[in-house]
Q: 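Pasting a structure below so you can have a look.
Just so you know, these numbers use all the heavy atoms, side chains as well, and skip hydrogens, waters and symmetry mates.
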There are 2 protein chains.
Amino acid sequence: MPHDAALCATQQPCEICPIRYRAVCAHCEGDELAELEGMKFYRRYEAGQVVVWAGDRMDFVASVVAGMAGLTQQLEDGRTQMVGLLLPSDFLGRPGREMATYTVTATSNLVLCCFRRKPFEKLLIDNPRIASRLLEMTLDELDAARDWLLLLGRKSAREKIASLLVILARREAALIKRRPEGRIAIELPLTREAMADYLGLTLETVSRQMSALKREGVIELDGKRRVIVPSFVRLVTESGDDSDGGPLS
Amino acid sequence: MPHDAALCATQQPCEICPIRYRAVCAHCEGDELAELEGMKFYRRYEAGQVVVWAGDRMDFVASVVAGMAGLTQQLEDGRTQMVGLLLPSDFLGRPGREMATYTVTATSNLVLCCFRRKPFEKLLIDNPRIASRLLEMTLDELDAARDWLLLLGRKSAREKIASLLVILARREAALIKRRPEGRIAIELPLTREAMADYLGLTLETVSRQMSALKREGVIELDGKRRVIVPSFVRLVTESGDDSDGGPLS
DNA sequence: CCGGAACCTTGACCCAAATCAAATGCCACA
DNA sequence: TGTGGCATTTGATTTGGGTCAAGGTTCCGG
């Protein structure tokens, strides 16, 4: 097994792709889809592997098919902040940009559906369906970033943890077009350190707050990477915002 | 003078518009520009006026021509975080969305170049130039939001203040296609409270850090709303990140 | 079954920024 | 020229989360 990104021969047809109707290809049909299908290739990364370093040349863009990746930014003295969390169906890379602006790391085992950048950019010009879907996804990501700004700027450590769990639960549920409620389980494919980098905390504070939420019955831990939430509404209350999570979209 | 948004009769031709080559209309020429010009109308707001409330119907989109506006999000208990800062040439509103997601407030006197939403959406479909410019602007805004995440998550109060000043200086300079250097003046069309909401601080902390930067000669104050920076590189050093601000774009 | 590494938890202490509380400056306007 | 209403500054005190330090788990390879 190579240490580098593994170019993976086994790729699925788009028809049975789990992110077929949520990714950048969502609105494509017939010829458009065939063209994308013809140029796609898969890559797999192990948890912890770096996909690209900030400043490196990046000549592909991709959709996350499975797993999770984090975009990360750093100050010179090493302080680290996650600035993007990519879940299945999210888009990676910026058309028109040669160099990666952020370091991308697989936080769990990761499968990407990649397209070489240049041909993809051409497709973007010829094919308004793809371009408009990408605009829509970018606007959604901007909205998510804005919720994240509120989280980082104004929420307490406990609210931050609860918010992260709510976000993961909602994203997980959205993939199967449902809305989380009642007793639910959340996969948590992040180390405590990655959670801390996401939330602007230290890993010690993350650990302490997780313990506190557990002690108070808001969550139960099933191993380190799986969380049981007895009452989803209780968790939402703890997260500080009581928005209902908006339309299913 | 009405208390509400002032629909303003005096509007300039696009040719002499100060944001002609930076706004969503940047790549438009001839017919495209004429079409935009035919449907545009100006609105003016006084400092402090609300442009739209979160949740209200919003049936126009707009470019900021002059002045500054803040997008703001709130938790139920009143904690407030600014999640967007709109400067001249920035785009306001989301095509395809009926309701405003954020409250928009003029932080200084503000001039908007508005388009009714429905006709603008139609234009977006028919006219790839505008759509691709909007995608580009949205991607830039996402990058800015990601720098902002780093600021909120990991920077000290002093670094936050310095970073805000650097951002304003760069944006001001970019409008005239220059890069800030040496001794510069920065307009600061924000109250201390608005700065605090931007930076995830209290207004007292903002005031204290401004005083400290002044005491140490990093900045001089010329009234409350104008800052003189004797050495721009010194200010950038104080901001924590030493990126050079990227290409002029 | 043991040793080690990676990850996580817990405790004690500290500090940067929040909170609470006055002052002070600065207009606009009577 | 005073006066009320802001925005801002400054001071005293508290506190949430950071830092430093020590153990505990889990899991893998030998």
Q: Can you tell me how far apart CD (B/E238) and OG (B/S231) are? Round to the nearest 0.5 Å.
A: 10.0 Å

Q: So which pairs with a foot in residues 54-77 of chain B pass ring-ring contact (aromatic ring centres under 6.0 Å, His included), sequence neighbours left out?
A: none

Q: Distance from A/L92 atom CG to A/C113 atom SG, nearest 0.5 Å?
A: 11.5 Å

Q: Could you tell me which non-hydrogen atom of A/E159 sits nearest to which non-hydrogen atom of A/K155, and how far apart they are?
A: OE1-CA, 3.4 Å

Q: Quick one: ring-ring contact (aromatic ring centres under 6.0 Å, His included) pairs with a partner in residues 215-237 of chain A, sequence neighbours left out?
A: none

Q: How long is the gap from CG on A/L151 to CD1 on A/I167, to the nearest 0.5 Å?
A: 6.5 Å

Q: Please test A/L149 against B/L149 for side chain to side chain contact (heavy atoms under 4.5 Å, CB included), starting from the C-alpha separation and ending with a verdict.
A: CA-CA 6 Å; A/L149 291 172; B/L149 292 172; 3.6 Å; yes

Q: What residues, two or more places apart in sequence or in another chain, satisfy side-chain hydrogen bond (donor to acceptor under 3.5 Å, both in side chains) together with A/R215?
A: none

Q: I'd like the 5' and 3' limits of the part of DNA chain D contacted by chain A, with heavy-atom contacts below 4.0 Å.
A: D/dG17 to D/dC20

Q: Which of residues 79-87 of chain A sit near DNA chain D, with a heavy atom under 4.0 Å from it?
A: none

Q: Which atom pairs link the protein and nucleotides 6-8 of chain C when you take only N or O atoms and keep those under 3.5 Å?
A:
from	atom 1	to	atom 2	distance (Å)
C/dC8	OP2	A/R192	N	3.0

Q: Once you round to the nearest 0.5 Å, how far does CZ of B/R154 lie from CE of A/M82?
A: 10.0 Å

Q: If an axis is fit to five pairs at each end of the helix from C/dC1-D/dG30 to C/dA30-D/dT1, what is the angle between the two, to the nearest 10°?
A: 30°

Q: What pairs meet the ring-ring contact (aromatic ring centres under 6.0 Å, His included) rule with one or both residues in residues 141-189 of chain A, with sequence neighbours excluded?
A: A/W148-A/Y198

Q: To the nearest 0.5 Å, what is the distance between CG on B/L85 and CG on B/L164?
A: 7.5 Å

Q: List in chain and number order the residues that pass side-chain contact (heavy atoms from CB on, under 4.5 Å) with B/Q74, two or more places apart in sequence or in another chain; answer none if no residue qualifies.
A: B/T80

Q: Could you state the interatomic distance from CD (A/Q209) to CE (A/M195), rounded to the nearest 0.5 Å?
A: 10.5 Å

Q: Applying salt bridge (Lys or Arg N to Asp or Glu O under 4.0 Å), name anything that partners A/R97, two or more places apart in sequence or on another chain.
A: B/D143

Q: What does nucleotides 13-19 of chain C look like as a protein-contact string, B for base, S for sugar-phosphate only, - for none, at under 4.0 angstrom between heavy atoms?
A: ----SSB

Q: Please list, chain by chain and in numerical order, all residues satisfying ring pair (Phe, Tyr, Trp, His ring centres under 6.0 Å) with B/Y102, sequence neighbours excluded.
A: none

